[in-house]
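Position 1 is the first residue of the sequence, and the numbers go up from there. In this text the structure is predicted, and so the values were computed from the model without any measurement.
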Amino acid sequence: MLSNLLHVADRAMGGAMYSSPLDQYQATLTGGTDIQVTLERNVRLLHMFANLGDGEGQVQACDTLTELCRSTRRSAAKLVLDQALIDQGALTSLLVLLRTERVEPCRAAAELLTELTSGAEQRRALVRSGVLQPLLERMRRTADPRLLREGARLVAELSADAGCTAALLREQAPRALLHLCRSRALPCHELAVIALGRLSRADAALHASGTLTKTLIRVAEM
């Protein structure tokens, strides 16, 4: 997709008089291992498609980065990779995706965000970036099972970190999780219950809530 876009721009500029924009783009990559080059290239694609509002490109860039993160299994290497994504500004573009009305870019952004929770510093950076507010708002009003699943995975990961609890409560994560428990996205219910249990230990009002009790009973009966 990027190659086609840049070759079109090349032809529009006269082609023979200029070096190819694709060549110029490749020349700006800093080099390194294949993983580093792939990461840098796809973060740049993510930024470009976020700026262009290209939903299909946004999903492709996020999915590629998600698979790249998952392919790095060693914990130390995973932390380095996650931090590299954050250092290259991925969270800023993911925030843009979460604010769109299109479901698939939001799902892809939430899925990638879950991959960036391997360390405490990365989780804190994610919370500071402001991505929780638009994601949880979407979760409270969507019925899409894939978006709910990825949102639930992210909230469950963050709820295990005491340093993220206050932000989750402030952004009304329990409301989003309760909505999820009432939805037909049954595979997500377990994640939602786990996250609610963790958050209720930090919030006395939530722990004593009749709504929480009724919702958990309903989930158990499903």
Looking at residues at least two apart in the chain, or sitting in another chain, which of them share a salt bridge (Lys or Arg N to Asp or Glu O under 4.0 Å) with Asp63?
-> Arg107
Identify, with sequence neighbours excluded, every residue that meets salt bridge (Lys or Arg N to Asp or Glu O under 4.0 Å) alongside Arg198.
-> none
Between [X] and [Y], is there a shared hydrophobic cluster once you connect ILVMFWY residues whose side-chain heavy atoms come closer than 4.5 Å?
{"X": "Leu191", "Y": "Leu113", "value": "no"}
{"X": "Leu158", "Y": "Leu169", "value": "yes"}
{"X": "Val80", "Y": "Leu85", "value": "no"}

Exercise: identify the closest heavy-atom pair between [X] and [Y]:
{"X": "Ala125", "Y": "Leu91", "value": "O-CD1, 3.7 Å"}
{"X": "Leu126", "Y": "Ser129", "value": "O-OG, 2.6 Å"}
{"X": "Leu68", "Y": "Leu81", "value": "O-CD2, 3.7 Å"}
{"X": "Ser93", "Y": "Leu46", "value": "CB-CG, 3.8 Å"}

Gln83 side chain to Gln122 side chain, donor-acceptor N/O pair below 3.5 angstrom = yes
Residues passing the side-chain contact (heavy atoms from CB on, under 4.5 Å) test with Leu95, sequence neighbours excluded, are Arg99, Val131, Pro134
Contacts of type side-chain contact (heavy atoms from CB on, under 4.5 Å), residue Glu171, not counting sequence neighbours =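 Once residues adjacent in sequence are excluded, the partners of Glu171 under the side-chain contact (heavy atoms from CB on, under 4.5 Å) criterion are Leu132, Gln133, Leu136.
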Might you work through the salt bridge (charged side-chain N to carboxylate O under 4.0 Å, His left out) test for Glu137 and Arg140, ending with a clear yes or no?
-> CA-CA 5 Å; Glu137 182 179 343; Arg140 289 194 293 269; 5.2 Å; no
Can you measure from [atom1] ([X]) to [atom2] ([Y]) and round to the nearest 0.5 angstrom?
{"X": "Leu178", "Y": "Ser183", "atom1": "CG", "atom2": "OG", "value": "11.5 Å"}
{"X": "Arg70", "Y": "Leu112", "atom1": "CZ", "atom2": "CG", "value": "9.5 Å"}
{"X": "Cys181", "Y": "Leu186", "atom1": "SG", "atom2": "CG", "value": "10.5 Å"}
{"X": "His189", "Y": "Leu180", "atom1": "NE2", "atom2": "CG", "value": "5.5 Å"}
{"X": "Ile35", "Y": "Ser71", "atom1": "CD1", "atom2": "OG", "value": "5.0 Å"}
{"X": "Gln60", "Y": "Phe49", "atom1": "CD", "atom2": "CZ", "value": "6.5 Å"}

So with a 6.0 Å cut-off around CZ of Arg141, is the heavy-atom count from everything else above 12?
->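 For Arg141, atom CZ is crowded (more than 12 foreign heavy atoms under 6.0 Å).
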Is the side chain of [X] donor-acceptor paired with the backbone N or O of [Y] at a distance under 3.5 Å, no angle test?
{"X": "Lys78", "Y": "Leu116", "result": "no"}
{"X": "Thr100", "Y": "Val96", "result": "no"}
{"X": "His179", "Y": "Thr142", "result": "yes"}

Pairwise side-chain contact, [X] with [Y], heavy-atom cut-off 4.5 Å (strictly under):
{"X": "Cys164", "Y": "Thr117", "value": "no"}
{"X": "Leu98", "Y": "Pro105", "value": "no"}
{"X": "Leu97", "Y": "Cys106", "value": "no"}
{"X": "Leu39", "Y": "Gln88", "value": "yes"}

Apply side-chain contact (heavy atoms from CB on, under 4.5 Å) to Glu40 and Arg44, showing your working.
-> CA-CA 6 Å; Glu40 185 176 350; Arg44 291 191 183 198; 3.0 Å; yes
Let me see the working for Ser159 and Leu196 under side-chain contact (heavy atoms from CB on, under 4.5 Å), right down to the final yes or no.
-> CA-CA 8 Å; Ser159 68; Leu196 282 167; over 6 Å; no
Can I get a per-line list of side-chain donor-acceptor pairs under 3.5 Å for residues 145-156, giving both atom names and the distance, sequence neighbours left out?
{"residue": "Arg146", "atom": "NH1", "partner": "Glu104", "partner atom": "OE2", "Å": "3.4"}
{"residue": "Glu150", "atom": "OE1", "partner": "Arg153", "partner atom": "NH1", "Å": "2.5"}

Asp203 and Thr165: side-chain contact (heavy atoms from CB on, under 4.5 Å), yes or no, with the steps?
-> CA-CA 9 Å; Asp203 187 332; Thr165 301; over 6 Å; no
Pair Leu45-Gln58, side-chain contact (heavy atoms from CB on, under 4.5 Å): steps then yes or no = CA-CA 8 Å; Leu45 287 172; Gln58 293 164 2; over 6 Å; no
Can you pull the salt bridge (Lys or Arg N to Asp or Glu O under 4.0 Å) pairs that have at least one residue in residues 157-167, sequence neighbours excluded?
->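 Found Arg123-Asp161, Arg124-Asp161.
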